[in-house]
Engineer: 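Got a structure for you, written out below as structure tokens; questions coming shortly.
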Amino acid sequence: MPMPTLGSLLLSSTKPRRLRDWYVAVFEVHAERTPDDAYDVLGFGSDPAHRFWVMIDSRDDVGDANPEPGRFLLNIEVDDAEATARAVDAAGGRWLAPLENRDGSLFGTAIDPDGNYIQLIQLSDQARAEMEG
């Protein structure tokens, strides 16, 4: 049996356009509307064959803020964590854990406008080699 592939995530919000605009501003990703205008789709990753899709939708069964944001963290690897942290600040983001250096790799946990935790990761060349090795 082929290995399953995790290809997308649905973020539901009472204010989906605000959430979309925050992710576009912070991560400089392009947002597209689905053909039926049901939700926004953001593509993460430079390789089109292995892109991860974040869909942002409006739902009536969610509150304005995530009541248990530690239950699920979206880990986003970036090339320049310090620049991304500045973009979080410029977009009015908050921090659960500010950016810190952990043995040459940078980690920080931002909070998006709906209260979801977003972990920023910039792995050092050494850490990346160990993971691939």
Side-chain angles (χ1 to χ4, degrees):
M1 179 160 83
M3 178 72 92
T5 301
L6 184 61
S8 65
L9 166 79
L10 176 66
L11 280 179
S12 296
S13 177
T14 59
K15 297 178 182 162
R17 285 190 167 71
R18 177 188 70 172
L19 199 59
R20 175 206 59 207
D21 292 347
W22 189 86
Y23 279 90
V24 167
V26 169
F27 297 105
E28 298 179 352
V29 294
H30 179 72
E32 294 184 22
R33 293 291 292 170
T34 57
D36 60 358
D37 205 37
Y39 50 87
D40 289 296
V41 180
L42 311 175
F44 285 81
S46 57
D47 181 357
H50 297 98
R51 196 156 282 156
F52 186 82
W53 303 99
V54 174
M55 298 173 285
I56 300 177
D57 190 13
S58 177
R59 293 181 55 116
D60 295 332
D61 62 345
V62 297
D64 289 337
N66 186 345
E68 293 184 324
R71 184 177 293 269
F72 175 84
L73 277 74
L74 186 60
N75 293 332
I76 301 179
E77 289 189 36
V78 297
D79 291 330
D80 187 343
E82 292 173 342
T84 304
R86 287 191 297 274
V88 167
D89 293 339
R94 297 173 293 139
W95 293 93
L96 177 69
L99 202 60
E100 67 178 335
N101 187 319
R102 297 183 193 166
D103 298 322
S105 296
L106 299 176
F107 292 84
T109 305
I111 304 171
D112 77 12
D114 280 7
N116 301 305
Y117 293 167
I118 311 300
Q119 186 165 269
L120 304 179
I121 303 169
Q122 180 182 341
L123 293 176
S124 68
D125 291 340
Q126 179 182 352
R128 191 171 304 285
E130 289 173 4
M131 285 179 56
E132 295 172 356

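These figures come from a predicted structure and were not determined experimentally. Just so it is clear, the values below take in all heavy atoms, side chains as well, and ignore hydrogens, waters and symmetry mates.
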Engineer: Which value, rounded to the nearest 0.5 Å, describes the distance between Arg59 atom CZ and Leu10 atom CG?
Structural biologist: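 Answer for the CZ-CG pair, Arg59 versus Leu10, is 7.0 Å.
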
Engineer: Is it the case that one hydrophobic cluster holds both Leu42 and Leu9, taking links as side-chain heavy atoms less than 4.5 Å apart, direct or via other members?
Structural biologist: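 Same cluster: Leu42 reaches Leu9 through Ile, Leu, Val, Met, Phe, Trp or Tyr contacts under 4.5 Å.
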
Engineer: Classify the side-chain pair Thr14/Asp64 by whether it contains a donor and acceptor separated by less than 3.5 Å.
Structural biologist: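 Yes.
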
Engineer: Are Leu19 and Leu74 joined in one hydrophobic group, where the rule is that I, L, V, M, F, W and Y side chains link up if heavy atoms are under 4.5 Å apart?
Structural biologist: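 Linked within one cluster.
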
Engineer: Quick one: are Glu32 and His30 in side-chain contact, heavy atoms under 4.5 Å?
Structural biologist: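 They are in contact (side-chain heavy atoms under 4.5 Å apart), so the answer is yes.
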
Engineer: CG of Asp40 to CG of Leu11: how many Å apart, nearest 0.5 Å?
Structural biologist: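 Output value for this atom pair is 11.0 Å.
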
Engineer: Does a side-chain heavy-atom distance below 4.5 Å link Val29 with Phe44?
Structural biologist: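 Side chain of Val29 against side chain of Phe44, heavy atoms only: contact under 4.5 Å found.
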
Engineer: Walk me through it: do Phe107 and Leu123 pass the test side chain to side chain contact (heavy atoms under 4.5 Å, CB included)?
Structural biologist: CA-CA 8 Å; Phe107 292 84; Leu123 293 176; 4.1 Å; yes

Engineer: If you define the side chain from C-beta out and look only at heavy atoms, does anything of Tyr23 sit under 4.5 Å from Asp112?
Structural biologist: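 They are in side-chain contact.
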
Engineer: Does the Asn66 side chain pair with the main chain of Glu68, one donor and one acceptor, at a distance under 3.5 Å?
Structural biologist: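 Yes: the side chain of Asn66 pairs with the backbone of Glu68.
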
Engineer: Pair up each side-chain donor or acceptor in residues 86-96 with any protein partner under 3.5 Å, not counting sequence neighbours, and list the distances.
Structural biologist:
residue	atom	partner	partner atom	Å
Asp89	OD1	Trp95	NE1	2.7

Engineer: Hey, what do you get for CD1 (Ile56) to NZ (Lys15), rounding to the nearest 0.5 Å?
Structural biologist: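 The CD1 atom of Ile56 sits 14.5 Å away from the NZ atom of Lys15.
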
Engineer: Looking only at heavy atoms, what is the nearest atom pair of Asp114 and Ser12, with distance?
Structural biologist: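 For Asp114 versus Ser12, the nearest heavy atoms are OD2-O, 4.0 Å.
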
Engineer: What residues join Leu99 in its hydrophobic cluster, counting side-chain heavy atom gaps under 4.5 Å, either direct or through other members?
Structural biologist: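 Members other than Leu99 - counting any ILVMFWY side chain reachable under 4.5 Å - are Leu106.
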
Engineer: Under 3.5 Å, is there a donor-acceptor pair between the side chain of Arg51 and the main chain of Gly43?
Structural biologist: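 No: the side chain of Arg51 does not pair with the backbone of Gly43.
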
Engineer: Does Glu100 pair with Arg102 as a salt bridge, N-O distance under 4.0 Å?
Structural biologist: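 Judged by the 4.0 Å cut-off on N to carboxylate O distance, Glu100 and Arg102 do form a salt bridge.
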
Engineer: Answer yes or no: is there a side-chain heavy-atom contact under 4.5 Å between Val78 and Ile121?
Structural biologist: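 Result no, sub-4.5 Å side-chain heavy-atom pair not found.
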
Engineer: Grouping I, L, V, M, F, W and Y whenever their side-chain heavy atoms are under 4.5 Å apart, do Met1 and Leu6 come out in a common cluster?
Structural biologist: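 In one cluster with Met1: Leu6, no.
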
Engineer: Looking only at heavy atoms, what is the nearest atom pair of Ser8 and Met55, with distance?
Structural biologist: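 Nearest heavy atoms, Ser8 then Met55: OG-CE, 3.5 Å.
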
Engineer: Decide if atom CG of Asp60 counts as having more than 12 heavy atoms of other residues, nucleotides or ligands within a radius under 6.0 Å.
Structural biologist: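 Open: at most 12 neighbouring heavy atoms sit under 6.0 Å from CG of Asp60.
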
Engineer: What heavy-atom pair brings Ala31 and Arg20 nearest, and what distance separates the two atoms?
Structural biologist: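 Here Ala31 and Arg20 meet closest at CB-CD, 3.7 Å.
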
Engineer: Arg17: which residues meet the side chain to side chain donor-acceptor pair (under 3.5 Å) condition with it, sequence neighbours left out?
Structural biologist: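 Side chain to side chain donor-acceptor pair (under 3.5 Å) check on Arg17 returns nothing, list empty.
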
Engineer: Below 4.5 Å, heavy atoms only, C-beta onward: do Pro69 and Asn116 meet side chain to side chain?
Structural biologist: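 No, every pair of side-chain atoms sits at 4.5 Å or beyond.
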
Engineer: Using side-chain heavy atoms (C-beta onward) and a distance below 4.5 Å, is Tyr117 in contact with Ile111?
Structural biologist: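 Yes, side chains in contact.
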
Engineer: Quick check: closest heavy atoms across Ser124 and Gly104, and the distance to 0.1 Å?
Structural biologist: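 That closest heavy-atom pairing would be CB-O, 3.4 Å.
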
Engineer: Treating Gln119 as the side-chain partner and Thr109 as the backbone partner, does any N or O pair qualify as donor plus acceptor under 3.5 Å?
Structural biologist: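 No; zero donor-acceptor contacts below 3.5 Å.
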
Engineer: Report yes if some heavy atom in the side chain of Phe27 is under 4.5 Å from a heavy atom in the side chain of Ile118; otherwise report no.
Structural biologist: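 With C-beta onward as the side chain, the pair touches.
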
Engineer: Under 3.5 Å, is there a donor-acceptor pair between the side chain of Thr5 and the main chain of Gly7?
Structural biologist: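 It does not hold such a pair.
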
Engineer: Check whether any side-chain heavy atom of Val41 lies under 4.5 Å from a side-chain heavy atom of Val54, and answer yes or no.
Structural biologist: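 No, too far: nothing below the 4.5 Å cut-off.
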
